[in-house]
Amino acid sequence: MMKNTLQRANQAQQELKKKVNDRFYPDFHLAPPAGWMNDPNGLVFSRGLYHAFYQHHPYDENWGPMHWGHMTSRDMIHWQHQPIALAPGDEYDRDGCFSGCAVEDNGVLTLIYTGHVWLKQPGDDSAIREVQCIATSTDGINFSKQGVILTPPEGIMHFRDPKVWRQDNRWYMVVGARTQDNIGQVLLYSADSLYQWQFERVLAKADSHSGYMWECPDFFPLGDKFMLMFSPQGMKAEGYRYRNLFQSGYLLGQWQPEVDFVVERNFQELDSGHDFYAPQSFLAEDGRRIIFGWMDMWESAMPSKEDFWAGCLTLPRELTLDAEGRVRMAPVRELESLRKDRHSLEPISLKNQRCEFDLSVVTGEIQLTLDSKNSDAERYGLEFAAGESGQCATRLYVDNQSRRLILDRGQSGLGVAGYRSVPLPDDDLLELRIFIDRSSIEVFVNQGESCLTSRIYPPAQEQVLRLYAENGHAQVIQCTHWTLGCISK
Ligand code: FRU
């Protein structure tokens, strides 16, 4: 059954690929060859290869019956597209192979995912059936479905996104759930074998402010804590926080098998930009905890749909716990191997001025250090992809009065708008690492203390990068730009 549906899906993807226009297609982020992508799935390092699967609709550029797209890499940086790994169509996953994870079970690469069925109309969330399913592969490329391994507890309908790990000789699984009275939860299961699961406990659940459904849970040790990462639906905006349709963040606390999770740090957002959702973690070959997120948000404008593709993933980011017990998120060091064509500015003091870089392409990486203690300009920072006319610009600047770093995409091109911001760090220096791809920007602030990630859609022909200071001085200590090589075949 799956062989035919997979063949059809792969053919459809290849046909669609012929129509893809690559004006917004990323150079150094993972994206589908054609069609739709959402959550990263099944991230794993197995037998010398990194695998990244993803929610994929190969028939067109819109979300639809979910397949699992697949890419592999030897170094976590350069990726190769592989045939589609899972296609829906069996009775238990008839309408979608939803998000899930991958583990190695006695040398067998194993995918654990949610089988989704609409019980009324497609898209009607009030009547669905969701169960956890399994598929295995001996070559890491071709998978065969093995059926259902877990059904929901009594009264629970929304029951998805299993994440499995091994600890003390036992398998554990967290699953996202929504109760009948619309409370988001994470359920914990354990097993001797991946085929037979036992309910352990509700690991964590929402209060009245923190969401009706918790999607994509992931639970892992970080430093001397356990981190529960998840993507709640239904949190309301509070001032500068929770501004997107849905959020992604974490709780930190203490945990060991057979006891409750003791939360020590309440919900924190992982990224404050417009487009970051459903992150999933995995262990790098050397044990670093890395995540990829989906670099979009439901209901965002996605102008690349006109080009027959939509959706991409963030850069791989390493999570660490700092001395103050805060989670930091920084691009993995392997990305430095993509750097070429370095341009650097001498330290400079700008006064009511704009200073332009001499670059043929703006996309790439920028390291910028600003002396935020000794800069008195009302606004200072960077603007890019601004045409000569100044008509279209993405701005990243310090607003000295609110003491915030602002990412403003009010003029970032087709269909996107609004701004997001983070507080300035306490330090005297503001150290930014900025990655600009053809339709995205990621900003890492002071060694990953905070992050801003947003999609932008600037016209390709307008490639300008400027530093600026308005109404006062800005002290630029360092500014370096590299172009970055392409990552996928
Ligand atoms: C998160 C999510 C998951 C689900 C998948 C479906 O973005 O809604 O909960 O498994 O996407 O594509």
Side-chain angles (χ1 to χ4, degrees), residues 9 30 32 35-43 52-70 84-88 92-102 111-118 122-126 128-135 150 152 156-164 173-178 182 184-187 206 211-218 229-235 244-249 270-271 274-281 291-300 302 310-314 453 455:
L30 275 63
W36 167 271
M37 165 192 270
N38 58 292
D39 313 355
N41 292 159
L43 305 175
F53 301 85
Y54 54 90
Q55 289 285 279
H56 182 38
H57 188 231
Y59 290 92
D60 68 44
E61 63 283 2
N62 298 301
W63 189 83
M66 283 290 103
H67 295 59
W68 276 37
H70 186 195
I84 293 169
L86 294 177
Y92 51 87
D93 65 9
R94 193 182 66 210
D95 299 320
C97 299
F98 274 17
S99 286
C101 62
L111 309 181
I112 298 151
Y113 66 98
T114 299
H116 178 88
V117 172
W118 303 115
D124 180 351
D125 250 5
S126 70
I128 60 173
R129 192 176 70 228
E130 293 189 326
V131 293
Q132 313 320 325
C133 313
I134 198 162
L150 184 63
I156 295 225
M157 205 163 52
H158 288 260
F159 178 61
R160 58 179 172 268
D161 311 337
K163 180 80 192 317
V164 174
M173 181 200 288
V174 280
V175 187
R178 169 179 183 166
N182 298 321
Q185 287 190 333
V186 173
L187 305 180
Y212 57 77
M213 168 69 195
W214 285 6
E215 298 190 308
C216 301
D218 194 348
M229 184 167 79
F230 58 102
S231 296
Q233 296 180 302
M235 289 181 80
N244 298 335
L245 177 66
F246 301 141
Q247 277 55 55
S248 291
L270 262 172
D271 188 297
H274 294 91
D275 294 292
F276 181 84
Y277 196 60
Q280 185 179 88
S281 84
I291 66 165
F292 280 96
W294 177 36
M295 193 156 59
D296 283 287
M297 176 45 59
W298 299 106
E299 297 182 6
S300 287
M302 296 183 189
C312 59
L313 302 186
T314 65
T453 299
R455 298 300 299 276

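One-based numbering along the sequence shown. Counting starts at 1 for both ligands and their atoms, in listed order.
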As a quick check of understanding, evaluate side-chain contact (heavy atoms from CB on, under 4.5 Å) for Trp63 and His57, giving each step before the final call.
CA-CA 6 Å; Trp63 189 83; His57 188 231; 6.0 Å; no
Of Asn244, Thr453, Thr314, which is the lone residue that meets side chain to side chain contact (heavy atoms under 4.5 Å, CB included) with Asp271?
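Looking at Asn244, Thr453, Thr314, the match for Asp271 under the side chain to side chain contact (heavy atoms under 4.5 Å, CB included) is Thr453.
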Which ligand 1 atoms, with their elements, are less than 4.0 angstrom from a heavy-atom of [X]?
X: Met66; value: 12 (O)
X: Trp298; value: 7 (O), 11 (O)
X: Ser99; value: 5 (C), 10 (O)
X: Gln55; value: 5 (C), 6 (C), 12 (O)
X: Asp161; value: 3 (C), 4 (C), 9 (O), 10 (O)
X: Asp39; value: 1 (C), 2 (C), 3 (C), 5 (C), 7 (O), 11 (O)
X: Tyr277; value: 1 (C), 7 (O)

Parallel under 30°, tilted from 30 to 60°, perpendicular over 60°: which one fits the rings of Phe246 and Tyr277?
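It falls in the tilted class, 30° to 60°.
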Walk me through it: do Cys101 and Met173 pass the test side-chain contact (heavy atoms from CB on, under 4.5 Å)?
CA-CA 10 Å; Cys101 62; Met173 181 200 288; over 6 Å; no
Whether the [X] and [Y] side chains hold a donor-acceptor pair (N or O, under 3.5 Å, no angle test) is what I'd like checked.
X: Thr114; Y: Gln132; value: yes
X: Asp93; Y: Tyr113; value: yes
X: Gln55; Y: Asn41; value: yes

Just to check, does Phe246 reach to within less than 4.0 Å of ligand 1 when the distance is taken from its heavy atoms?
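Flag not set, Phe246 not near ligand 1.
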When you compare the side chain of Pro162 with that of Leu150, does any pair of heavy atoms fall below 4.5 Å?
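Side chain of Leu150 against side chain of Pro162, heavy atoms only: no contact under 4.5 Å found.
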Is Asn38 touching ligand 1 with its side chain, its backbone, both, or neither, if touching means heavy atoms under 4.0 Å apart?
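Side chain only.
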Per-residue contact class, Trp294 against ligand 1 - non-hydrogen pairs under 4.0 Å
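Neither; nothing of Trp294 gets under 4.0 Å from ligand 1.
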Nearest to atom 8 (O) of ligand 1, what protein heavy atom do you find, and at what distance?
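The closest one turns out to be Glu215 OE2, 2.8 Å.
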